[in-house]
Amino acid sequence: MCGGGALVHSRFAPDPPIRAHRCLGPACTGPGRVLDSGPAMETDPLLTSLNDEQRRAVTTVDGALLVLAGAGSGKTRVITHRIAWLIASGKARPWQILAMTFTNKAAGEMKERIVRLLGESANDLWLGTFHSVGVRLLRQLAGYANLQPSFTIYDADDSLRATGRAMKALGLSDKLVPPKRVQHFIDRAKNRCLLPDDPRLAALPDARRDRLFIDAYKAYEDELRRANAVDFGDLLLRPVQALHAHKDVCAQLSQRFRYVLVDEFQDTNFAQFELLKLLTSAHGNLCVVGDDDQSIYSWRGAEVSNILGFPTQFAGAGVVKLERNYRSTATILAASTAVVQRNAGRHGKVLWTEAGAGDPIVVHVAGGDRDEAEWVAKRVAALRGKVGLDEIAVFYRANALSRVIEDALRASRLPYVVIGGFRFFERAEVKDALAWFRAVLCPDDTEGFLRAVQNPKRGVGDTTLEGLGDRARRDGISVPAAARRSLDDGTAGRSRAKLTEFFAVVDRLRVAAETDAAPVVGARILKASGLQQALEAEDTQEATDRVQNLQELLRALEEHAGTAEDRTLRGFLARTALVADTDQLGDGQGRVSMMTVHAAKGLEYDAVFVVGLEDGLLPHQNAIADEGRDGGLEEERRLFYVAMTRARRWLHLSYARQRRRFGGAPIETTPSRFLQDVPTDLCVLDDGWGPARPLARSTAWLRERTAQEEPSFARGAWGPAGRWGAPSRPPAAVSVPVRAGGVTRPLGIGLRAPDLHATDPDDGPADDAPAIQRGEAPSYQRGSRVRHAGFGLGQVVEVDDTGANLKLTVQFRLAGTKRLDARYVRPA
DNA sequence: GAGGGACCTCTATCT
DNA sequence: GAGGTCCCTC
C-alpha cells in the first residue's frame, strides 16, 4: 500500500505545542506536575491502586528495566501507569515518550487508558505498533534510506507476487522452489537484518542448501527498488540501516525519545531489538514488558533470547516480576501452570492468586467435528444466562476450524464475530479498489498497477503485461513506468489504446487527489475506475454484496479522514496495509468472539472454549514432525497455555475423535498430548447428554463406549503416564500457591498429570487402576482420604450405607463439605 | 484476450 | 470446500 507521502517536514518534526489540559480521570495529576519521589509515592493516586511489584515497575524509570509479567498480572496497567507517572513526575513530556505494542488494538486500548489518566495531552505520545512506528520513522528518514517519499508498502500478497516475478526473471521455476518458501527465506533474512550480500546469509538453513535463494532475494530487492516499494520486513530493517549509517541522526532521535517502553517483548525479533537499542543509545531508558511463557511467534522471527538475555544485554538492568494473577480462578491458574511447567526453557515464575477455586474445567470429547461444534453452541446458549455473549470466546489453532463452529452457532441463532480468517481488506473487490488508489497515488507501484489495469477487464492481458515486465527489468524501471515509456516510443502494440485510456483516467484522478479530501477522492476513483459500474452491471446477489463492501470501504475512509493522524488517502493506504485481525475487534457487540489462539493473545473473556485439541492441530503437525528442533513443541505448549489463561471463570477444552480435512471424509484423530498435562481432578467431563460428571467415572464410561465403537480411541485418552509413551519430562507435581487471608497454601496436592486410568480394552484392567474400575467397591470409613474429579482432595467425615447406594459426606480442602454418591470419588 | 469448466492442492499461526 | 491454475473455446 502506498505509505510515505509528501509529509516530510524538517528532519524530525518540532516538539508539538502543549495542548490545553483536560482532566478526564480521577487519577489525573495534570501535565508536568513535578513530584518528588519521596513521600508522594505513598499517597499518589497513580500508585495507590498498585501492588508493591507493580509500583516498583512504574516508578523505576531511569535505565533499563525488564518487567516479567505473568498472564493476568496487570501488565497493561503497569505500562499505562508508568507513562502517566513519567509525565506526572516531570520526567518527560508526552512527545518524549515512545511506546510500542504488537497490535493496533493493544495500542488503541493503551492510548484510551492513558487518556483517562492524563487527559488529552496523551495524544502527543508516540504510541503504536512496531510496524506503524516503522512507517512513521521511515517517512522522516526516507532520504537516508534511498526511498522516494511516495513509497508504497507491499503487503504479504504483493510481496509474494513480487517474489514470483523475481524468480521468473531468474528463470527459476516455481515448481522447483515454491515462491512461498523463498518469501519466507527473505522474511527471515530481513528479520535478522541480513541484506542479500551479507555473508552471514549463507548460514540460514535454506541458503546452505541452495544458492538460488540468495539470488532470488537479490532479484526481489530489485523488484522493490524499481517499484519504490517496501515490505513488512523493510519497515523495521530500513530504519535500522539508516540509523546505523547516520549516527548523528540516530543520536538526535534518541535524545528526542527519552523514555522507550515495549509491550509483549518476548515476541520481538532481532531487527526490532536493534531498533530499540538504536533509539535508546543516548540514554538507555528502555523498559520492556513481557512473559517468556507467552512467546508464540518464533516462526515469525521472534527471539525469546531477547527477553531471556535482556539483563545481559543491558548490564545493570532492573528486573521486576509480576506474579500475582488478577484474572482467573485458582482452578484455571493451576491447570494452566501445570501445562506450562512442562517446558524446560523458562525464566520461571510462580503465579498466585487470591481468587477462589471457581468451577472445574469442562472437558468434552466429541464424536466428530460437527458434534463438537454443536456442543459448543449448546454450552454457549446455557452460559448466556450467566454472562453476556461478548464475554464468551472460542479459540482454535487454525482458521480452517472456524467454519463448522460458525455453522453451529448460526443454526442456534447465536450471534458471533470471526476475528481474522477472511479479512475485509483481502476481499477481491476491496483489493481492486485499493489497487486503484495506489495506482493513482504511487506512480511506480507495480503491484497496484498490475491489479488496477486488469480490474475491471479492459483488454490488457497477460502477454502484454509480461512484455512490460521484461522491459521494466531491462530499463531498470517500474512496470507502470515501462508502460508509459512504451506508449511514448510507440512500442505498445495492440494494447496501445487501452493503456492510453487507463493512464488518462489515472492522471486525471491524480490531479484531483492532490487537492480534494480523501473520501471525495476515494469515491471518485471508485466511479472513474469503472469498478463499481462493472459490479452493478452483473446484477447478482454476489455482485450486490460486493458493491456494499465498496460502500463499506468508503465509510472506513470517511472515518479515517475524521480521526486519523494522517488523514490523507495515502495515510489510509498505509493503515490498511498494517491492520491486523485482532484490530477489527468490536467492543461489546453482544456476540461470541471466534479467533485463532495467536489472535487471542492479550485478550481475556469470562468463558473460553478451546476446540480441536488434537495431535496434529495443537500441537500442530509441523511442530510434531520437527520434534526436538527449535523447541517447536514447547512453543505449541505455550500456545495452549496462552489459550487457557485468557479465561476468567469458565474454561472448556474439547476435541473430536474424527475430523474432516479439506472437506473430505472424516479421519480418526488422536487427542492432544497436552491434555494429559491438565490435572484431571480440576476437570469434569460433559458428554453432552446429561449433567457434567467427574472425569474419572465418565472416562470409564467413555472407555466402555469407545471399546465397542472405536477401538483405537482409548489408547489416546488420558492414559496413565507411559501409556502415551514416556513423557518428555517427569510429571511435575504441580502446586500453585493460593494466598487467602494472608496464608499461602498449595491448591490441590500432587496434581499430577494424568492420574486417570483409561485402559486399552484388550489388555485388561491395569494393576494400578482404582478399585471402582476393577468392579470392586472400595470401602470407606471416617477419616478416609478421597479424591473427586471436580472438588479435589478431601476427607470422609461421615459414611451412610443405609440406602441403595453408598453415600459419603466429605470435607474437601477447597470446596467445603459435600454429601455425594461414593461412586463419584475414589480413594486418594 | 476473455471466460468457463475441470482439476489440483492445500492450511498453521500474522505484522 | 474453495481458490488457484490449466486448457479449451469463442
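To find a chain, count down the sequence lines: A is the first, B the second, and so on, and within it residues start at 1.
Atom CD in A:Glu406 sits about 12 Å away from atom P in C:dA2, given to the nearest Å. As a whole-Å value, the separation of A:Asp187 CG from B:dT15 C1' is 9 Å. Note: NZ (A:Lys180) to C1' (C:dG3) measures 12 Å, nearest angstrom. If you measure from atom CZ of A:Arg181 to atom P of B:dT11, you get 13 Å, rounded to the nearest angstrom. Straight-line distance from the CD1 atom of A:Ile667 to the C1' atom of B:dC10: 13 Å, rounded to whole Å. For A:Arg403 and B:dC10, the CZ to C1' distance is 14 Å, given to the nearest whole Å. A:Leu617 has its CG atom 11 Å from the P atom of B:dT13, to the nearest Å. Computed from coordinates, the A:Gln183 CD to B:dC14 P distance equals 15 Å when rounded to whole Å.
Residue A:Thr596 has its side chain nearest to B:dC14 when only B:dC14, B:dT11, B:dT15 are considered. Side-chain proximity of A:His131 to the nucleotides B:dT13, B:dT15, C:dA2 is greatest for B:dT15. Out of B:dC14, B:dT15, C:dA2, the shortest distance to the side chain of A:Asn399 is found at B:dC14. Of the candidates B:dT11, B:dC14, B:dT15, the closest approach to any side-chain atom of A:Phe662 belongs to B:dT11. With distances taken from any side-chain atom of A:Ala599 to the nucleotides B:dT13, B:dT15, B:dC14, the minimum falls on B:dC14.
Partners of A:Lys75 according to the salt bridge (Lys or Arg N to Asp or Glu O under 4.0 Å) rule, which considers only residues two or more places apart in sequence or in another chain, are A:Asp263, A:Glu264. When the ring-ring contact (aromatic ring centres under 6.0 Å, His included) test is applied to A:Phe609, the partners found at least two apart in sequence or on another chain are A:Trp375, A:His652.
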Could you list all N or O pairs between the protein and nucleotides 1-5 of chain B that sit under 3.5 Å apart?
| residue | atom | partner | partner atom | Å |
| --- | --- | --- | --- | --- |
| B:dG1 | OP1 | A:Thr464 | OG1 | 2.3 |
| B:dG1 | OP2 | A:Thr463 | OG1 | 2.6 |
| B:dA2 | OP1 | A:Gly459 | N | 3.2 |

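Rounded to a whole angstrom, the distance from the C1' atom of C:dG4 to that of B:dT13 is 22 Å.
Side chain of A:Glu636 to backbone of A:His620: a donor-acceptor contact under 3.5 angstrom is found.
Aromatic stacking of A:Phe102 on B:dT15: not satisfied for centres closer than 5.5 Å together with planes under 30 degrees.
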TODO: For the pair A:Phe449 and A:Phe503, evaluate ring-ring contact (aromatic ring centres under 6.0 Å, His included) and give the outcome as yes or no after the intermediate values.
DONE: CA-CA 10 Å; A:Phe449 165 78; A:Phe503 282 121; 5.8 Å; yes
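One finds no salt bridge joining A:Lys498 and A:Glu501 here, because no Lys/Arg side-chain nitrogen approaches an Asp/Glu carboxylate oxygen to under 4.0 Å.
Base engagement by A:Glu636 is indicated by at least one non-hydrogen atom pair under 4.0 Å involving a base atom.
In the model, A:Ser159 has no side-chain atom that pairs as donor or acceptor with a side-chain atom of A:Asp231 under 3.5 Å.
If A:Tyr297 and A:Ala400 are placed on DNA chain B by their nearest nucleotide, the residue sitting closer to the 5' end is A:Ala400.
Classified by interplanar angle (parallel below 30°, tilted 30° to 60°, perpendicular above 60°), the ring pair A:Tyr297/A:Phe102 is parallel.
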